[in-house]
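First up is the structure itself, then whatever we jot down about it.
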Amino acid sequence: MQPAVIHAKPCGPVPPNVRDYEQARRGFRWSDVEAELLGVRGLNIAEVAIERHARGEQARKIALRWRGRHGDARDITYGALAVETRRFGNALRHLGVGAGDVVFALCPRIPELYAAALGTLAIQAVFSPLFAAFGPDPIVTRMRAGAGKVLVTTASLYARKIAPIRDLLPGLQHVIVVADDREIPADTLAWSDAVLGQLPALDIAPTPPDTLALLHFTSGTTGKPKAAMHVHRAVVEHLATARMALDLHPDDVFWCTADPGWVTGTSYGLIAPLVAGVTSVVDESDFLAEHWYELLEREHVTVWYTAPTAIRMLMKAGPDLARKHDLSRVRVAASVGEPLNPEAVMWGRDVLGTPFLDNWWQTETGGIMIANFLSMDVRPGSMGRPLPGVEAAIVKRTSDTAVDVITTPDTEGELALRPGWPSMFRGYLSEDARYRKCFAGSWYLTGDLARQDADGYFWFVGRADDVIKSSGHLIGPFEVESVLLEHPAVAEAGVIGKPDPVAFEIVKAFVALKPGYAASDALRQELLGLARSRLGAAVAPKEIDFRPFIPKNRAGKIMRRLLKAQEL
């Protein structure tokens with residue numbers, strides 16, 4: 001039986017930034033962190049993440065330790081990254097891109113991605129990352145919704161994913177391509193030509209803190225993905241939570257394993273470590289247990305931020321593999337993306353010497369809201385307690401505009417947050433009504449069901465809607481159902497998340513066929529292949545079952561919860 005409470009790793013020579021949780025809550029003010037960052041250029045993310053470091057002694061410090069998938073490596077200083085950032089900003093201006101224009105990136109974890117993001121933000125354009133494993137449909141949907149004017153990608157990704165759909169993106173004016181093992185396509189701009197020849201100096205105009213900076217797409221149960229809008233003030237949250245929840249100190253070597261195509265990879269793989277002035281490891285390779293252990297050991301990683309799916313895959317590889325490596329320098333190991341099971345927390349303690357510290361946040365929150373802290377007892381399976389500066393509660397919605405706050409411990413309800421933190425999303429692009437539905441009675445309603453125990457720890461229960469959490473990705477069933485319905489044999493489709501011991505959930509589809517079509521393994525494989533080619537492996541279903549009909553309510557809406565209940 002797992003213990004109810006365990007202790008984090010002794011801090012040793014590095015005292016935690018949050019030494020006393022209650023005292024930190026009483027004394028914390030967001031305005032104090034903002035005052036630390038606010039300068040004559042306003043609160044531009046590129047200014048506070050790169051330029052303020054590049055102007056001083058930090059210029060010679062390693063910002064990114066990039067490790068490529070083919071064994072190549074680059075160490076990039078803050079000064080060098082600032083030069084590449086300025087050059088990209090100048091390249092955008094040369095192309096006619098200005099404040100408010102949207103720049104998309106479809107890239108693996110390569111250095112050019114970081115320069116593109118920061119250069120975009122430096123000129124007050126809007127940066128929107130895309131997951132490199134997306135298929136054509138998610139890419140088209142997101143780039144059309146965001147009215148993308150420029151896309152940054154690689155030659156290989158362009159050939160496989162963009163060239164076949166470029167005619168579907170009439171608003172896309174320029175594609176800047178990073179060379180790899182393919183030739184630069186004729187109808188694109190080579191990074192080496194468009195960027196490297198630009199001047200290494202860039203004037204960052206004063207940026208009001210509430211200037212739009214980032215577009216992050218997140219899936220819903222119905223309709224197209226939503227584009228959550230975040231502003232430059234979000235950087236205040238990135239710095240504060242990097243210090244409090246991840247316990248980053250100036251001498252740390254930090255590794256966030258999340259892809260920048262998702263919000264975690266942008267907020268904590270890109271922005272937060274740079275603002276905090278630490279050295280960040282960037283690994284282009286895909287997951288391989290032995291490689292990850294080698295990287296932790298070789299790069300002397302001290303703070304490691306990863307996902308439950310990856311932790312469970314490491315657990316599956318066995319503790320003996322981990323013990324072949326010296327992992328003693330890891331003093332903080334944190335997790336986010338989906339609930340972390342207690343066994344994984346304990347495995348961290350037994351193998352790393354420190355338990356994994358789970359935390360919780362969303363695309364909409366922009367930063368960590370609830371976390372376990374080094375200085376606090378860890379309750380395996382719990383999300384932890386709210387960050388200083390964050391007020392959370394369990395509520396029950398009583399109307400469209402009102403909620404009741406539940407004060408009885410261990411009572412299930414919807415997790416709600418009091419608005420006002422710096423990285424809170426400012427809306428869904430072009431969907432004001434959808435945005436307003438997220439708020440009631442002076443609370444932001446997260447859509448997650450949870451409970452709070454008598455000691456203030458929060459525990460995840462499930463989603464209030466049907467959004468699927470798979471390997472740290474949020475997948476909207478509507479997108480998957482829409483693709484399946486395009487097959488001539490499919491009359492109806494319903495999609496659910498099926499529990500999985502590694503991925504937390506996998507996407508499973510139920511399909512009803514039109515008259516004249518018969519269920520078969522061959523048709524199942526055809527549908528799986530269609531979904532994979534259109535949506536990409538990360539979004540497509542892993543299983544398909546045939547049914548005579550898909551259950552619906554009187555309003556004609558798919559009863560996904562019934563499908564899930566029957567499956568389980």
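Computed from a predicted structure; not experimentally measured.
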Any non-hydrogen side-chain atom of Ile76 less than 4.5 Å from a side-chain atom of Glu84?
no
Closest non-hydrogen contact found for Thr365 with Ser423 is O-OG, 2.6 Å
Under 3.5 Å side-chain donor-acceptor pair for Tyr158 and Arg166: yes
Within the 4.5 Å heavy-atom criterion, are Phe458 and Pro386 side-chain neighbours or not? yes
inquiry  = Between Arg67 and Asp75, does the salt bridge (charged side-chain N to carboxylate O under 4.0 Å, His left out) criterion hold? Intermediate values first, please.
reply    = CA-CA 9 Å; Arg67 303 299 179 250; Asp75 286 349; 3.0 Å; yes
Practice item. Give a yes or no on this: more than 12 heavy atoms of other residues, nucleotides or ligands lie within 6.0 Å of atom CZ of Arg60. Key: no
Quick note, salt bridge (Lys or Arg N to Asp or Glu O under 4.0 Å) partners involving residues 190-206, not counting sequence neighbours, are none
Q) Just wondering, do Val403 and Leu445 contact through their side chains at under 4.5 Å, heavy atoms? A) yes
Q.
Quick one, Val150 and Phe104 - any side-chain contact, counting heavy atoms below 4.5 Å?
A. no
One should read off an interatomic distance between Leu38 CG and Asn44 CG, to the nearest 0.5 angstrom, of 11.5 Å
For this session: Answer yes if the side chains of Glu338 and Thr309 hold a donor-acceptor pair under 3.5 Å, and no otherwise.
Result: yes
*Proximity of Tyr435 and Phe425 rings by center, below 6.0 Å*: yes
Residue set satisfying ring-ring contact (aromatic ring centres under 6.0 Å, His included) with Phe134, at least two apart, ordered chain then number -> Phe131, Trp262
Q: Taking the side chain as every heavy atom from C-beta outward, state whether Leu374 and Val18 have any atom pair closer than 4.5 Å.
A: no
Correct closest heavy-atom pair for Val102 and Gly146 would be CG2-O, 3.3 Å
- Evaluate the criterion side chain to side chain contact (heavy atoms under 4.5 Å, CB included) for residue pair Val480 and Ile475; output intermediate values, then yes/no. CA-CA 8 Å; Val480 183; Ile475 299 169; 4.1 Å; yes
The reported gap from CD1 in Ile45 to CZ in Arg233 (rounded to nearest 0.5 angstrom) is 12.0 Å
### Query
Have Glu364 and Tyr428 got a donor and an acceptor in their side chains that come within less than 3.5 Å?
yes
Separation between OG1 (Thr153) and CD1 (Ile176), nearest 0.5 Å, reads 11.0 Å
Heavy-atom closest pair (Gly447 atom, Glu414 atom, distance to 0.1 Å) is N-OE2, 2.8 Å
Under a 3.5 Å distance rule, please check whether Thr211 uses its side chain to pair with a backbone N or O of His232 as donor and acceptor. no
| Trp66 side chain to Arg109 main-chain N or O, any donor-acceptor pair under 3.5 Å? | yes
Indicate yes or no: does Lys469 engage Glu505 in a salt bridge with an N to O separation below 4.0 Å.
-> no
**Report entry** Residue pair Gln173 / Leu95, side-chain heavy-atom distance below 4.5 Å
**Finding:** no
In short, Ala440 meets Asp400 closest at the heavy-atom pair CB-O, 3.8 Å
- Task: Take atom CG of Asp167 as the centre, draw a 6.0 Å sphere, and report whether it contains more than 12 heavy atoms from other residues, nucleotides or ligands.
- Result: no
### Query
Can a donor-acceptor pair be found between the side chains of Tyr444 and Gln362 at a distance below 3.5 Å?
yes
Which of Val152, Val178, Val195, Val177 passes side chain to side chain contact (heavy atoms under 4.5 Å, CB included) with Glu112? It is Val178
Does a side-chain N-to-carboxylate-O contact under 4.0 Å join Glu47 and Arg52? no
Contacts of Tyr305 meeting side-chain hydrogen bond (donor to acceptor under 3.5 Å, both in side chains) (sequence neighbours excluded), chain-then-number -> Asn359, Trp361
Do Arg25 and Glu391 meet the salt-bridge criterion of a basic N to acidic O distance under 4.0 Å?
no
By side-chain hydrogen bond (donor to acceptor under 3.5 Å, both in side chains), Thr257 pairs with (sequence neighbours left out) Thr306
Residues 248-258 vs salt bridge (Lys or Arg N to Asp or Glu O under 4.0 Å), sequence neighbours excluded, gives Asp252-Arg331
Sorted by chain and residue number, the ring-ring contact (aromatic ring centres under 6.0 Å, His included) partners of Trp30 (sequence neighbours excluded) come out as Phe28
dist Thr154:OG1 -> Ile184:CD1 (nearest 0.5 Å) comes out at 9.0 Å
Applied to residues 93-108, the side-chain hydrogen bond (donor to acceptor under 3.5 Å, both in side chains) test, sequence neighbours excluded, yields Asp101-Lys149
Carboxylate-amine/guanidinium proximity below 4.0 Å for Glu36 and Arg243
yes
Those residues at least two apart in sequence (or on a different chain) that pass ring-ring contact (aromatic ring centres under 6.0 Å, His included) with Phe254 are none
Smallest heavy-atom separation, Ala122 atom then Leu202 atom, equals CB-CD2, 3.8 Å
- prompt: Hey, is the main chain of Ala125 close enough, under 3.5 Å, to the side chain of Thr120 for a donor-acceptor pair?
  reply: no
Phe88 meets the ring-ring contact (aromatic ring centres under 6.0 Å, His included) criterion, sequence neighbours left out, with Trp191
Residues passing the side-chain contact (heavy atoms from CB on, under 4.5 Å) test with Asp32, sequence neighbours excluded, are Arg29
Any chance the side chains of Thr241 and Tyr268 put a donor and an acceptor closer than 3.5 Å? yes
Quick note, side-chain hydrogen bond (donor to acceptor under 3.5 Å, both in side chains) partners involving residues 125-141, not counting sequence neighbours, are Asp137-Arg534
The reported gap from OG in Ser335 to CZ in Phe356 (rounded to nearest 0.5 angstrom) is 7.0 Å
When rounded to the nearest 0.5 Å, the distance separating CG of Leu270 from CG of Leu121 is 8.5 Å
For this session: Report the C-alpha separation of Leu43 and Thr207 in whole Å, then their side-chain angles, then the decisive distance to 0.1 Å, and conclude whether the side chain to side chain contact (heavy atoms under 4.5 Å, CB included) test is met.
Result: CA-CA 6 Å; Leu43 205 59; Thr207 304; over 6 Å; no
Measure the acute angle between the ring planes of Phe287 and Trp292, then classify it against the limits of 30° and 60° as parallel, tilted or perpendicular.
perpendicular
- Message: With heavy-atom distances below 4.5 Å as the criterion, would you say the side chains of Pro250 and Val278 are in contact?
- Response: no
- Asp448-Trp360 side chain donor-acceptor pair, cut-off 3.5 Å: yes
Across all chains, not counting sequence neighbours, the side-chain hydrogen bond (donor to acceptor under 3.5 Å, both in side chains) partners of Ser442 are Arg418
Are side-chain heavy atoms of Asp259 and Pro108 found at a separation under 4.5 Å? no
